[in-house]
Amino acid sequence: PEATSHDHRVQRRGAFRCLLIDGTSPLQRLLRHSCRPHQCLSVGMAPPAPTMPPLVEGDYISAIGGNARDYATLMSAAEQLPEVPLVVVARPRNLRGLRIPPNVRTFTDIPFPDAMSVLANSRFMVLPLTGTDVRCGHVTLVAAMHFAKPFIITNSTGVADYVDHGETAIACPAFDPKGLCEAIRELWDDPERCLAMGENGKAFAGLNCSESSARRHLASLLASRGLL
């Protein structure tokens, strides 16, 4: 009913010829049911500039971000992997009340370039989300791909356009410490696969998630609608 109500409003209001929305927008799901023409664009961004020298030395995996993150599941998985160092960059509220295993190092509220340094120098990233329809983490996962880092992520429809399971990323069930643990161990124990997946992700980001690709896509869309 809610989708139908929004759908009718989208169709009735305004005389726009096309509607352009970010693929992360909640409108995306509603507009799939609408007859109005619309186009979803991937996040377009330049590769971030990490802090130099590296903020963290050594071999480790990373988890970055504070919106809709399920760090409780990640900590449970990390506890089962004492041989795998994990560096987490989050907000204080994300970690409040959680038991932090000895193999986990945390940073909170650090500058963006420092967070990108943690990501850029990790072996791969883990992005646990708080559900199967969460639209968060896009900037972080696109940054990971620009850095040629594969990622393990919750299987969520909100990020599905960016996840090629087994090629650029590994999708895991939500709220499943055992499944997340197994995915981390599998990728950690296979450095060659990790590197190959990272290169696949970098190619995907260059083609679909760069500033130039966003400009090309927008220009093509406007031209196709006679607006350019």
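A quick note: this is a predicted structure, and the numbers were derived from the prediction, not measured. Along the sequence shown, residues are numbered consecutively beginning with 1.
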- prompt: Is there side-chain contact between K202 and K149, with heavy atoms separated by less than 4.5 Å?
  reply: no
task: Can you measure from CZ (F147) to CE (M116) and round to the nearest 0.5 angstrom?
output: 6.0 Å
task: Write down the atom of G131, the atom of F175, and the distance for their closest heavy-atom approach.
output: N-CZ, 3.8 Å
task: Mind running side-chain contact (heavy atoms from CB on, under 4.5 Å) on V134 and V159 for me, showing each step along the way?
output: CA-CA 7 Å; V134 174; V159 295; over 6 Å; no
- prompt: So how far is it from R123 CZ to S62 OG, rounded to the nearest 0.5 Å?
  reply: 12.0 Å
message: For the CD atom on E83, are there more than 12 heavy atoms of other groups (residues, nucleotides or ligands in this structure) within a distance under 6.0 Å?
response: yes
task: Flag yes if L195 and F151 sit in one hydrophobic cluster, no otherwise; membership is Ile, Leu, Val, Met, Phe, Trp, Tyr, and two members link when side-chain heavy atoms are under 4.5 Å apart.
output: no
- prompt: Between atom OG1 of T73 and atom NZ of K178, what is the distance when rounded to the nearest 0.5 Å?
  reply: 15.0 Å
task: Give every residue pair that meets the side chain to side chain donor-acceptor pair (under 3.5 Å) criterion with at least one member in residues 105-115, sequence neighbours excluded.
output: T51-D114
query: Between OG of S122 and CD1 of I64, what distance do you get to the nearest 0.5 Å?
result: 7.0 Å
task: Kindly compute the distance separating OG1 (T140) from CD1 (I153), expressed to the nearest 0.5 Å.
output: 9.0 Å
message: Donor-acceptor pair, distance only, cut-off 3.5 Å: does the side chain of S117 make one with the backbone of L55?
response: yes
field: H165 side-chain N/O to C172 backbone N/O, donor-acceptor pair under 3.5 Å
entry: no
field: Pair C136-R69, side-chain contact (heavy atoms from CB on, under 4.5 Å): steps then yes or no
entry: CA-CA 8 Å; C136 291; R69 299 302 200 267; 4.2 Å; yes
Qualifying residues under side chain to side chain donor-acceptor pair (under 3.5 Å), relative to D190, sequence neighbours excluded: none
Qualifying residues under side chain to side chain donor-acceptor pair (under 3.5 Å), relative to E186, sequence neighbours excluded: R193
message: According to side chain to side chain donor-acceptor pair (under 3.5 Å), who are the partners of R93, at least two apart in sequence or on a separate chain?
response: none
message: Assess the residue pair I110 and V89 against the criterion (side-chain contact (heavy atoms from CB on, under 4.5 Å)); give the C-alpha distance rounded to whole Å, side-chain angles, the decisive distance to 0.1 Å, and a yes or no.
response: CA-CA 8 Å; I110 62 176; V89 178; 3.7 Å; yes
field: Where H138 and G158 come nearest, the two heavy atoms and their spacing
entry: NE2-O, 2.8 Å
- prompt: What distance separates Y162 OH from L127 CG, expressed to the nearest 0.5 Å?
  reply: 13.0 Å
query: Under a 4.5 Å cut-off applied to non-hydrogen side-chain atoms, are P150 and C194 in contact?
result: yes
- prompt: Are P177 and Q80 side-chain neighbours, meaning at least one heavy-atom pair lies under 4.5 Å?
  reply: yes
Heavy-atom donor-acceptor pair, N94 side chain to R91 backbone, under 3.5 Å: yes
statement: Grouping ILVMFWY residues whenever side-chain heavy atoms fall under 4.5 Å, the cluster of L86 otherwise contains I61, Y71, L74, M75, L81, V84, V88, L95, L98, I100, V104, F124, V126, I152, I170, L180, I184, L187, W188, M197
- prompt: Have T157 and D133 got a donor and an acceptor in their side chains that come within less than 3.5 Å?
  reply: yes
message: Please check this pair: side chain of N155 against backbone of A171, looking for a donor-acceptor N/O pair closer than 3.5 Å.
response: no
- request: For T154 and L129, indicate whether the former's side chain and the latter's backbone hold a donor-acceptor pair under 3.5 Å.
  value: yes
- request: Kindly write out the residues that satisfy side chain to side chain donor-acceptor pair (under 3.5 Å) with N103, not counting sequence neighbours, or none if the list is empty.
  value: none
